[in-house]
Chemist: 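Here's a structure for you.
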Amino acid sequence: SACKKTTVVNQTVNQAFSALYTIQPGDWIQGQNQDGSFFYYTNLSVPELDEIINDHGGVEVYISFDDQSVAAKNYEPLPEVVDGVAYGSLHTTGSVTIDLRGADGGGLTSAISIPITAKIVLIDAQPLD
């Protein structure tokens, strides 16, 4: 049997969208692991993250520790480890959760004590047949 190349005409990715969220120190919720250690998380409501994007598109999460007054912020993609804290993200239709865990597997004693900026990028896509 021979390989066959099929070209699909007019198949395009629709668009990408982004939104910025300010996460305040009081927005972090403490969770507890099975071993009794603590982690922290926050849920961001992202109504534009619909079922099509959740199932077939992409969600990228970035965070910035720059002061809120800085216009041109530096963003770090998640997952990321900074100063012994592992930053991660999960998403589902309508929301993105950012979590903080000890990079060494241990617990955390506190969450972030300054406001940070989260950038959520939604990439719309059409499923391949």
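A quick note: this is a predicted structure, and the numbers were derived from the prediction, not measured.
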Chemist: How close do L49 and S95 get, heavy atom to heavy atom, and via which atoms?
Modeler: CD1-O, 3.8 Å
Chemist: With side-chain contact (heavy atoms from CB on, under 4.5 Å) as the test, would you mind laying out the steps for E80 and I63 before giving the verdict?
Modeler: CA-CA 9 Å; E80 174 76 305; I63 57 173; 5.8 Å; no
Chemist: Name the residue from V85, L100, D27 that meets the side-chain contact (heavy atoms from CB on, under 4.5 Å) definition with I112.
Modeler: L100
Chemist: Counting only heavy atoms not in E76, do more than 12 fall under 6.0 Å of its CD?
Modeler: yes
Chemist: What do you reckon, is CG of L90 surrounded by more than 12 foreign heavy atoms closer than 6.0 Å?
Modeler: yes
Chemist: Please report the interatomic distance CD1(I23) to CD1(I116), rounded to the nearest 0.5 Å.
Modeler: 4.5 Å
Chemist: Could you tell me whether the side chains of T117 and Q68 share a donor-acceptor contact shorter than 3.5 Å?
Modeler: yes
Chemist: If you measure from CD on E60 to NZ on K119, what distance do you get to the nearest 0.5 Å?
Modeler: 9.0 Å
Chemist: Could you work out, with side-chain hydrogen bond (donor to acceptor under 3.5 Å, both in side chains) as the rule, every residue matching N43, not counting sequence neighbours?
Modeler: T97
Chemist: State the CZ-CG distance between F38 and L108, to the nearest 0.5 angstrom.
Modeler: 10.5 Å
Chemist: Using 0.5 Å steps for rounding, measure from the NE2 atom of H91 to the CD1 atom of I98.
Modeler: 12.5 Å
Chemist: Start with the C-alpha distance between I120 and V59, add both sets of side-chain angles, then the distance that settles side-chain contact (heavy atoms from CB on, under 4.5 Å), and finish with yes or no.
Modeler: CA-CA 7 Å; I120 310 298; V59 178; 4.2 Å; yes
Chemist: Identify the residue among Y75, F65, Y62 that makes a ring-ring contact (aromatic ring centres under 6.0 Å, His included) with Y87.
Modeler: F65
Chemist: Taking all non-hydrogen atoms of both residues into account, name the closest pair between E48 and I53 and its distance.
Modeler: O-CD1, 3.7 Å
Chemist: Can you check whether S89's main-chain N or O pairs, donor with acceptor, with Y41's side chain at less than 3.5 Å?
Modeler: no
Chemist: Taking side-chain hydrogen bond (donor to acceptor under 3.5 Å, both in side chains) as the definition, give me every residue that meets it alongside D67, ordered by chain and number, with sequence neighbours left out.
Modeler: S69
Chemist: Does the side chain of Y40 come under 3.5 Å of the side chain of Q30 through a donor N or O and an acceptor N or O?
Modeler: yes
Chemist: Looking only at heavy atoms, which two atoms of A103 and V81 are closest? And how far apart?
Modeler: CB-CG1, 3.8 Å
Chemist: When rounded to the nearest 0.5 angstrom, what is the spacing between CZ in F17 and CD1 in I123?
Modeler: 11.0 Å
Chemist: Answer yes or no: is there a donor N or O on one side and an acceptor on the other, between the side chain of N33 and the main chain of G36, under 3.5 Å?
Modeler: no
